[in-house]
Amino acid sequence: MPKRSSRIPAGLEELRQLLIFLAKKDLWIAGVWVIIFFITQLTASGVPMLFDPFIGAVAGGIIGWYIAEDAVAEAGFGGIVLTILLVLACWIPVWFTDWLLNQIMHALLGWPMTFGRWILLTFTTIFSLIASVWRSVADE
């Protein structure tokens, strides 16, 4: 009777390598988002809030581009599965980090979730989606 191999199938190994690759990038994004979170408290409400769409668009574009850079070569596959993974890799660290920091700062200092913060997150989400899909399609 042949001995069973405990190796991971090739397709799942590629997926595992890609998830590790994206997780490393996500740690950087979460760290940068902590900085953005505190800097943009100055633009959370009032007239300075008008800068939040611009800040979110730039941050989202950079995040999406950074996540998708070299992802196609690292993955070894493309298509809708890769696109979904890249978009989730853009969104999860931003939204989770912001949610966590918002909970902590609301409990400690009473900082509320303002419309400016929501606009910042919305523009970051939209532009990270656009940039990651654009970069991954260009690399395929």
Practice prompt. List for me each residue that meets ring pair (Phe, Tyr, Trp, His ring centres under 6.0 Å) alongside Phe115, sequence neighbours excluded, and say none if there are none.
Written response: Trp118
Practice prompt. Tell me, please, which residues at least two apart from Ile92 pass side chain to side chain contact (heavy atoms under 4.5 Å, CB included).
Written response: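 Partners of Ile92 under the side chain to side chain contact (heavy atoms under 4.5 Å, CB included) test: Leu88.
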For a quick test of reading the model, state the closest non-hydrogen atom pair linking [X] to [Y] and the distance between them.
| X | Y | result |
| --- | --- | --- |
| Ala68 | Leu86 | CB-CD1, 4.1 Å |
| Thr83 | Ser136 | OG1-OG, 4.4 Å |
| Ala71 | Leu18 | O-CD1, 3.9 Å |
| Trp111 | His106 | O-ND1, 3.0 Å |
| Met105 | Phe37 | CG-CE2, 3.8 Å |
| Asp52 | Gly116 | OD2-O, 2.9 Å |

Item to complete: Kindly write out the residues that satisfy side-chain hydrogen bond (donor to acceptor under 3.5 Å, both in side chains) with Trp91, not counting sequence neighbours, or none if the list is empty.
Response: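 side-chain hydrogen bond (donor to acceptor under 3.5 Å, both in side chains) check on Trp91 returns Ser128.
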Worksheet item: Who passes side-chain hydrogen bond (donor to acceptor under 3.5 Å, both in side chains) against Thr97, sequence neighbours left out?
Response: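 In terms of side-chain hydrogen bond (donor to acceptor under 3.5 Å, both in side chains), with neighbours along the sequence ignored, Thr97 is linked to no residue.
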Worksheet entry | More than 12 heavy atoms of other groups within 6.0 Å of Phe21 CZ | yes
Worksheet item: Is the CZ atom of Phe96 crowded by more than 12 outside heavy atoms at less than 6.0 Å?
Response: no
Side-chain contact, heavy-atom cut-off 4.5 Å: [X] with [Y]?
| X | Y | answer |
| --- | --- | --- |
| Thr124 | Trp33 | yes |
| Ile67 | Lys25 | yes |
| Glu74 | Leu82 | no |
| Arg16 | Leu12 | no |
| Leu120 | Ile55 | yes |
| Ile29 | Asp26 | yes |
| Phe51 | Thr40 | no |

Worksheet, complete the sentence: One should read off an interatomic distance between Asn102 CG and Trp99 CH2, to the nearest 0.5 angstrom, of 10.0 Å
Worksheet entry | Spatial distance of atom CD1 (Ile35) from atom CD1 (Ile39) [nearest 0.5 Å] | 6.5 Å
Fill in: Non-neighbouring partners of Asp98 that pass salt bridge (Lys or Arg N to Asp or Glu O under 4.0 Å), sequence neighbours left out
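In terms of salt bridge (Lys or Arg N to Asp or Glu O under 4.0 Å), with neighbours along the sequence ignored, Asp98 is linked to Arg117.
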Discussion item. Tell me every residue that passes salt bridge (Lys or Arg N to Asp or Glu O under 4.0 Å) with Asp70, counting only those two or more places apart in sequence or in another chain.
Written reply: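 Partners of Asp70 under the salt bridge (Lys or Arg N to Asp or Glu O under 4.0 Å) test: none.
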Discussion item. Does the plane of the ring in Trp134 sit parallel, tilted or perpendicular to the ring in Trp65? Use 30° and 60° as the thresholds.
Written reply: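 Plane angle over 60°, so perpendicular.
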